[in-house]
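These notes concern the structure reproduced below.
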Amino acid sequence: MSTRTPLMAGNWKMNLNHLEAIAHVQKLAFALADKDYEAVEVAVLPPFTDLRSVQTLVDGDKLKIKYGAQDISAHDSGAYTGEISGAMLAKLKCTYVAVGHSERRQYHAETDDIVNTKVKAAYKHGLTPILCVGEELEIREAGNHVAHTLSQVEGGLKDITAEQAETVVIAYEPVWAIGTGKVCGADDAQEVCQAIRGKLAELYTQELADQVRIQYGGSVKSGNVAEIMAQPDVDGALVGGASLDADEFVKIVRFRDQ
Ligand SMILES: O=C(CO)COP(=O)(O)O
């Protein structure tokens, strides 16, 4: 029996300004109770410009909600206009950082090597990376989705030690299911998440693989979360659109009641 605590994380993407972020986190804080946090770890990944506001709220009111960023620079400091370093995120007490989201891979040409340098930057600054992987539609249609996703896992974790990897979170997000309303079937999600766990066992140990949380992401809503979470290798969800609605996100956190 798994002892993995599910991680429900809301990736807000480029939505909600800092004032809206405060209102949104307050709504979540008001709705969520201790019993929710005992059963599930809850996190939000707001835009960079919201992080200070979220930190102030979480610190000030001692909220149990965790937060993190949607990206991290591979560099520590210096002449990298527009970049945000791991040191800056750590200073704001971020717990998590998403790395290699498909939108970064697609629109910002992030390769597995770049993603790997960002995973390293996250660990260097004490942040937990949520390594995002997943295939495009053509790759799935050609039947290469498992191999493709596993190579992204391997590439992202290159030179990452077992001590570091035991805290990583992997988010399997098939690109064709993101923001499309086309949810990946629960069996299909399980197939890939199980294969990811197998890859972790191969790269490290079975014990480590059994400890790592693997999330599913792509059109997760309150109506489909229970079925996805019932899969043995799915340990949480990375939620985009539905995380922008506080009531809906709370229902997702309470997936056992759906
Ligand atoms: O990309 C995602 C989360 O990182 C998923 O987005 P949607 O939930 O909007 O499909």
Side-chain angles (χ1 to χ4, degrees), residues 6-16 20-21 24 28 40-48 50-51 54 65-72 89 94-108 110 115 118-119 122 127-137 139-140 145 148-149 152-153 156 168-186 188-189 192-193 196 213-229 231 234-255 258:
L7 172 61
M8 293 303 186
N11 173 9
W12 297 358
K13 308 194 179 185
M14 198 171 69
N15 295 290
L16 307 184
E20 292 163 333
H24 190 74
L28 295 178
V40 173
E41 196 180 334
V42 185
V44 292
L45 307 180
F48 289 129
D50 297 359
L51 286 171
V54 171
I65 195 159
K66 307 260 178 70
Y67 57 90
Q70 298 170 15
D71 185 30
I72 180 174
L89 299 178
C94 286
T95 300
Y96 293 106
V97 60
V99 178
H101 190 280
S102 64
E103 287 148 19
R104 305 263 352 143
R105 292 179 191 259
Q106 189 179 348
Y107 306 131
H108 301 273
E110 290 194 8
V115 172
K118 292 186 172 196
V119 169
L127 303 160
T128 298
I130 301 178
L131 171 61
C132 303
V133 295
E135 80 286 353
E136 289 85 9
L137 187 59
I139 296 176
R140 175 160 284 262
H145 50 289
H148 175 87
T149 302
Q152 288 182 329
V153 171
V168 76
V169 177
I170 311 265
Y172 170 57
E173 301 201 299
V175 178
W176 48 272
I178 294 178
T180 58
K182 272 190 215 159
V183 67
C184 176
D188 292 328
V192 183
C193 291
I196 291 171
R213 289 178 297 179
I214 303 175
Q215 297 178 304
Y216 167 78
S219 299
V220 173
K221 298 186 172 46
S222 59
N224 58 29
V225 66
E227 195 191 349
I228 292 164
M229 288 303 294
Q231 302 304 312
V234 178
D235 309 312
L238 188 54
V239 187
S243 75
L244 299 174
D245 175 336
D247 295 335
E248 178 68 4
F249 189 57
V250 167
K251 283 189 193 161
I252 290 170
V253 168
R254 295 185 180 144
F255 66 92
Q258 306 308 316

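When a ligand or atom number is given, it counts from 1 through the structure's own listing order. Just so you know, residue 1 is the first one in the sequence shown, and it goes up from there.
- Formation of a donor-acceptor pair under 3.5 Å by the H148 side chain with backbone atoms of V133 is not found in this model.
- Heavy-atom distances between A177 and ligand 1 reach below 4.0 Å in at least one pair.
- Residue contacts with ligand 1, taken as heavy atom pairs separated by less than 4.0 Å, involve I178 via backbone and side-chain atoms alike.
- Among all protein heavy atoms, the one lying closest to atom 9 (O) of ligand 1 is G241 N, 2.8 Å.
- A salt bridge links E103 and K13; the closest N-O separation between the charged side-chain nitrogens and carboxylate oxygens is under 4.0 Å.
- Ligand 1 places these atoms under 4.0 Å from at least one heavy atom of E173: 1 (O), 2 (C), 3 (C), 4 (O), 5 (C).
- Annotation: T180 places no N or O atom under 3.5 Å from an N or O atom of ligand 1; distance criterion only.
- Where the criterion is an N or O separation shorter than 3.5 Å, residue side chain and backbone included, G217 fails it with respect to ligand 1.
- With hydrogens left out, the protein atom closest to atom 8 (O) of ligand 1 is G240 N, 2.9 Å, a heavy atom.
- Of all atoms in ligand 1, listed by their number and element, those nearer than 4.0 Å to a heavy atom of G179 are 7 (P), 9 (O), 10 (O).
- Scanning all heavy atoms of the two residues, the minimum distance from C94 to L127 falls at O-CD2, 3.2 Å.
- Using a 4.5 Å heavy-atom threshold, the side chains of Q70 and Y96 count as separate.
- Residues V239 and N11 fail the side-chain proximity criterion, which asks for heavy atoms closer than 4.5 Å.
- Contacts of Y216 classified as side chain to side chain donor-acceptor pair (under 3.5 Å), with partners at least two apart in sequence or in another chain: none.
- At least one N or O atom of K13, backbone or side chain, sits closer than 3.5 Å to an N or O atom of ligand 1.
- For the ligand labelled ligand 1, residue S219 lies inside the 4.0 Å heavy-atom shell.
- Distances between N or O atoms of L238 and those of ligand 1 include no value under 3.5 Å.
- Set against the non-hydrogen atoms of G218, the atoms of ligand 1 under 4.0 Å away are 5 (C), 10 (O).
- The distance criterion of under 3.5 Å between nitrogen or oxygen atoms is not met by V239 with respect to ligand 1.
- Within the 4.5 Å cutoff, the side chain of V97 has no heavy atoms near those of the I130 side chain.
- Two residues are said to be in side-chain contact when any heavy atoms from C-beta on lie closer than 4.5 Å; W12 and D50 meet this criterion.
- Counting heavy atoms from C-beta on, the side chains of L131 and H101 never come closer than 4.5 Å.
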